[in-house]
Every structure is written in C-alpha cells, then in structure tokens.
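Worth saying up front: this structure is predicted, and the values here are computed from it rather than measured.
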2 protein chains.
Amino acid sequence: MKLKCDSELIKLNEKLYPCSTSVTMDFIGGKWKTVILYHLKDGSKRYHELRKSMPIVTERTLSLQLKQLEKDKIIKRKVYTSKPPLKVEYSLTEFGKTLIPVLEVISEWGNRICEEKAEIVKVSK
Amino acid sequence: MKLKCDSELIKLNEKLYPCSTSVTMDFIGGKWKTVILYHLKDGSKRYHELRKSMPIVTERTLSLQLKQLEKDKIIKRKVYTSKPPLKVEYSLTEFGKTLIPVLEVISEWGNRICEEKAEIVKVSK
DNA sequence: CGGTATCCTCGAAGATACTG
DNA sequence: CAGTATCTTCGAGGATACCG
C-alpha cells in the first residue's frame, strides 16, 4: 500500500485518507482514545476503574469513546451479571493488541517531554 | 515522570493531561499534523509541495497547522526571498526529528490495516 | 454499577475571496 | 508564491440529570 502520486488517496470503509498515518489517527485519535487504550494495555478493567483512572473525563464521553473503540473492534466488552449491580469488563481484542507498540512509543515520547518540563498536580474533584 | 495515583494529572505549559500519551497527542493530534510531519520527515519542502502532497486539505487549514507546529518548535520556516515570488521552506527542527520514530510506527500500523482492506483512488480535483 | 438522554459550547476544519 | 481574511459548518466533547 504505497501512494505513488499526489492525486491518490487511500479509501478504507468508505472514508478517504491522505496518508497511512491518518488511518491510524482515525482509530486512536481524539482526546481520550489513547488514554483508554493505555489503561487497558496491561489487562482488562471494569468501567469504574477506567473512570477513576481518568479523573477529568465525563461519563458521557468515556461511554461514547468506549463504544467507538468497540465498534472498531479494538476493545471488547464483557458483561458478567444479568441484573444490577452490573459487572462489565473492557479489554483489548487481538486486533487491539497490535496497537500496543504504537501506544508505547506515543507514551514514551510524551514522557520524555514531561521529564524536562512538566510537574504533577492533584485534582481536588 | 510517573503518575502514582488516580487523582494526579500532568501539568505542562499551563495545560492538564491525564496521561503521557495525551501530551504527545496534543503535539501531533488533529486531522493534519501527522500528515504534514510525515511529508517533512525526509527533508524540507516548500509550501506548494506540501500543498500538492495533501490534495484534500484547504489552504487555510494547512497554514494554521503549519503555524501551530512552528509555535511548538516542531518545524521551522525559512524564507529565501524578500520580495514576491516568495520561496519558503519548511523542515523539522532537531526537536521535531525526535518525533520521526513515532511517526514511523503510526504510519506502519496504518499501512498494515490498509494492506488488507484498503484501495487507492484518484482525486479529480 | 454501568451506563443514557438531553441540551449546549466551543474550536477544528471547510469555502471562498483576496493580498504582499 | 505563499499565504491571510471572513464567514460558516460541524461534530467532539462537556454539564447535568436520570435509568435498568
């Protein structure tokens, strides 16, 4: 899959992309997807665990992003109970696991920037 | 730089991030930045060359993204002429070059998806 | 417990025309 | 040639309340 000419585009699932990087970014881009995936990369997590790991996301947004990732077959959702209180676990699919090296590299680059200039703060919420 | 507790956030340049991946994504996220950077990774390019490599971006958006990348010190802009017609070249800074491995991995993952399911189309514009 | 529903804000990105 | 100006659209994400 190599674009040979400037007037060529990649077509995947009825969408057009100018470059293979944008295909990846369509799967993991946005404000929260890499964060969710990063938290799932070492094993499955329950909804509320994810919630606690991401103190500044809203429930609605987390829910929407999870659904999107599920639709893209990157994560899977498993329900363990039939009546409330529910137990739901999210984990990476085999396909989703192919993203781990990508997530690692993204995280490491961010870490290097942070080592020099960032500080850690607490959220009161 | 390691978050030890769920109520901790990273603070960098007056912005808050929940995770080191989101720091990186703030630098290279959005619809066009990785595409621009990918085209610059093998050397400098003139404005119009970039333009031609990205047939579906608008001038305005390309211009805004270039400015943002320049502000973040990821790319540099060099002007070679003082009067029109102008000659301007964009290239990665040393800092920007540290992103190359990240871009490669992102591009390779996208490529693997494309190999299986994507096709190449031509834009008429 | 694990979400949805509803409404809203705000900024990224597009369309088009124009300029030093 | 390399942009900027102006106006507009659109959808991601947020706030809040409620539900099975």
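- End-to-end axis angle for the helix from C:dC1-D:dG20 to C:dG20-D:dC1, using five pairs per end and rounding to 10°, comes out at 60°.
- Rounded to whole Å, atom P of C:dG3 lies 15 Å from atom NZ of A:Lys52.
- B:Gln65 is linked by a side-chain hydrogen bond (donor to acceptor under 3.5 Å, both in side chains) to nothing, counting only residues two or more places apart in sequence or in another chain.
- One can place CE of B:Met54 at 13 Å from P of C:dA13, the figure rounded to the nearest angstrom.
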Which pairs of donor and acceptor atoms, one on a side chain in residues 21-32 of chain A, lie under 3.5 Å apart (sequence neighbours left out)?
unit_1: A:Thr21; atom_1: OG1; unit_2: B:Thr34; atom_2: OG1; d: 3.2
unit_1: A:Ser22; atom_1: OG; unit_2: A:Cys19; atom_2: N; d: 3.4
unit_1: A:Ser22; atom_1: OG; unit_2: A:Cys19; atom_2: O; d: 2.7
unit_1: A:Thr24; atom_1: OG1; unit_2: B:Ile106; atom_2: O; d: 2.6
unit_1: A:Thr24; atom_1: OG1; unit_2: B:Gly110; atom_2: N; d: 2.9
unit_1: A:Asp26; atom_1: OD2; unit_2: A:Lys15; atom_2: NZ; d: 3.1
unit_1: A:Asp26; atom_1: OD2; unit_2: A:Tyr17; atom_2: OH; d: 2.5

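- For the pair B:Leu86 CG and D:dC1 P, the computed distance is 11 Å after rounding to whole Å.
- Annotation for B:Lys73: atom NZ does not count as buried by contact number, only 12 or fewer foreign heavy atoms lying within 6.0 Å.
- In this structure, CG on A:Leu103 lies 8.0 Å from NZ on A:Lys41, to the nearest 0.5 angstrom.
- We find that CD of B:Glu89 is positioned 9 Å from P of D:dA2, with the value rounded to whole Å.
- D:dA12 atom P lies 10 Å from atom CG of A:Asp26, rounded to whole Å.
- Proximity of a side-chain donor or acceptor of B:Lys45 to a complementary backbone N or O of B:His39 within less than 3.5 Å is detected.
- Between B:Glu89 and B:Lys76 there is no salt bridge, since no side-chain nitrogen of the basic residue lies less than 4.0 Å from a carboxylate oxygen of the acidic one.
- Residues from residues 58-75 of chain A lying near DNA chain D, meaning a heavy-atom separation below 4.0 Å, are A:Thr58, A:Arg60, A:Thr61, A:Gln65 in numerical order.
- For DNA chain C, the neighbouring residues in residues 31-48 of chain B, judged by any heavy atom under 4.0 Å, are B:Lys31, B:Trp32.
- If you run side chain to side chain contact (heavy atoms under 4.5 Å, CB included) between A:Leu99 and each of A:Leu92, A:Leu37, A:Thr93, only A:Leu37 comes through.
- B:Tyr80 comes within 4.0 angstrom of no nucleic acid atom, judged by non-hydrogen atoms across all strands.
- Note: CD (A:Glu49) to C1' (C:dG2) measures 13 Å, nearest angstrom.
- Remark: A:Glu70 does not engage A:Lys67 in a salt bridge, criterion side-chain N to carboxylate O under 4.0 Å.
- Across all strands, B:Lys83 comes closer than 4.0 Å to no nucleic acid atom at all (heavy-atom distances).
- Rounded to whole angstrom, the span from the CD1 atom of B:Ile56 across to the C1' atom of C:dA12 amounts to 15 Å.
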I'd like a table of donor-acceptor pairs (distance under 3.5 Å, sequence neighbours excluded) in which one partner is a side-chain atom from residues 56-64 of chain A, with atom names and distances.
unit_1: A:Thr58; atom_1: OG1; unit_2: A:Thr61; atom_2: N; d: 3.3
unit_1: A:Thr58; atom_1: OG1; unit_2: A:Thr61; atom_2: OG1; d: 2.9
unit_1: A:Glu59; atom_1: OE1; unit_2: A:Tyr47; atom_2: OH; d: 2.8

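- Although no hydrogens or angles enter the test, the distance criterion places a donor-acceptor pair under 3.5 Å between the side chain of A:Glu49 and the main chain of A:Arg46.
- Closest non-hydrogen pair, B:Ile10 versus A:Cys114, comes out as CG2-SG, 3.8 Å.
- OP1 or OP2 of D:dG3 lies within a sub-4.0 Å distance of a side-chain N or O belonging to B:Arg77.
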